[in-house]
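Only one structure is covered here, and it is reproduced in the block below.
Treat the numbers as computed from the prediction; the structure is a model and nothing was measured. One-based numbering, in listed order, for ligands and for the atoms of each. Nothing fancy with the numbering, it's 1 onward along the sequence. Quick note: numbers below take in every heavy atom, side chains included, and nothing from hydrogens, waters or symmetry partners.
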Amino acid sequence: MSGGTERAFGFAWAFYHEVIPLHKEQFAGWITPLPLSFFKAKRFLDAGCGIGRNSLWALEAGAASGLAFDYDERTVGVARRNLAAHPACEVRHLSVYDLVADAEFDAVFCIGVLQHLERPADAVRNLARALKPGGTLILWAYAREGNEGYLRWADPLRRLVTSRIHPVLTLALARALTTLLRLRLLLPHGDPYLALLAKRSFRHTEAMVFDQLLPHIAHYWTKDEMLALAEGLPLRVTRLTHTHGMSWTLLAEKL
Ligand SMILES: C[S@@+](CC[C@H](N)C(=O)[O-])C[C@H]1O[C@@H](n2cnc3c(N)ncnc32)[C@H](O)[C@@H]1O
């Protein structure tokens, strides 16, 4: 179990269920510096797949087969629909804590999931076991570094209010905050991340804000905490990237 986080996401995914081209750009950013073509001919595991948007780009990049799973049943239903054109990808209702796979996958990715878990280390152990020797683990999670200002005001709001009220109310608040954010984007700024946000539609920005406000658990890890996830496991960290200056992409090879 993961402390109720998955139920909250189920609500979000039932609402924001469509895969859009911008998600491809996002996924490419999250797996940086690997190119999407990295997935060509590989068998992958997508842990905590949400609506299946990341699996979709891996499959379109030529992956041979995949297994995408999520703990939330509604979400799994959406992912099955979004991946219906790719029978080589199985979509399963499963918790990462119950994953039993041994040396089965060339690539294992877990995007935006670990930071919401009560026991991330247990999850990474299962993911590492699922990899073939020489296979690649890709973990993306929020960073503490780069989010200090955000953490001062938004994280208390999430912890004390928005993760506790009904998601419908959180959604209304997300809409109001998104409106403010969009107004801010109209003013001149030299911030590359704001420039990236300005390219998104209102709905997509709202989905992102909602996603931030909803979970009961949201860890923002330091560089050392992120690296510690791979410690004591048969993994060699090959690269840690401070993605967009506010998140971590950890790449590791299975020994
Ligand atoms: C922020 S979403 C990210 C989804 C997807 N990886 C993406 O990038 O679109 C986090 C996902 O983790 C899932 N999740 C939470 N706890 C889980 C668990 N114990 N096992 C598997 N998935 C879980 C949630 O249901 C949710 O879909």
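Residue Ser95 places at least one N or O, backbone or side chain, under 3.5 Å from an N or O of ligand 1. Between Leu117 and ligand 1, not a single N/O pair is under 3.5 Å apart. When only interatomic distances are considered, the shortest N/O to N/O separation between Ile111 and ligand 1 falls below 3.5 Å. At least one N/O-N/O distance between Gly48 and ligand 1 falls below 3.5 Å. Considering both main-chain and side-chain atoms, Tyr97 never comes within under 3.5 Å of ligand 1 through any nitrogen or oxygen pair. By the 3.5 Å distance cut-off applied to N or O atoms, Thr75 is not counted among the residues near ligand 1.
If you number the atoms of ligand 1 from 1 as listed, the ones under 4.0 Å from a heavy atom of Gly112 come out as 1 (C), 2 (S), 3 (C), 10 (C).
Between Tyr220 and Tyr150, the ring planes lie tilted relative to each other; the angle falls in the 30° to 60° range. Between His116 and Tyr142, the angle of the ring planes goes over 60°, which puts this pair in the perpendicular group of the 30/60° scheme.
In this structure, Leu56 and His86 have side chains that are in contact, with non-hydrogen atoms separated by less than 4.5 Å. Using a 4.5 Å heavy-atom cutoff, the side chains of Leu139 and Trp248 are not in contact.
Under 4.0 angstrom from ligand 1, the non-hydrogen atoms of Cys49 all belong to its backbone.
Of the possible polar contacts, one joining the Glu148 side chain to the Gly146 backbone as a donor-acceptor pair under 3.5 Å is found.
In this structure, Glu60 does not pair ionically with Lys24, as no charged nitrogen and carboxylate oxygen lie closer than 4.0 Å.
One option in Ile51, Asp72, Leu56, Asp70 has a heavy atom closer to atom 25 (O) of ligand 1 than any other, and that option is Asp70.
With sequence neighbours excluded, no residue forms a side chain to side chain donor-acceptor pair (under 3.5 Å) with Ser163.
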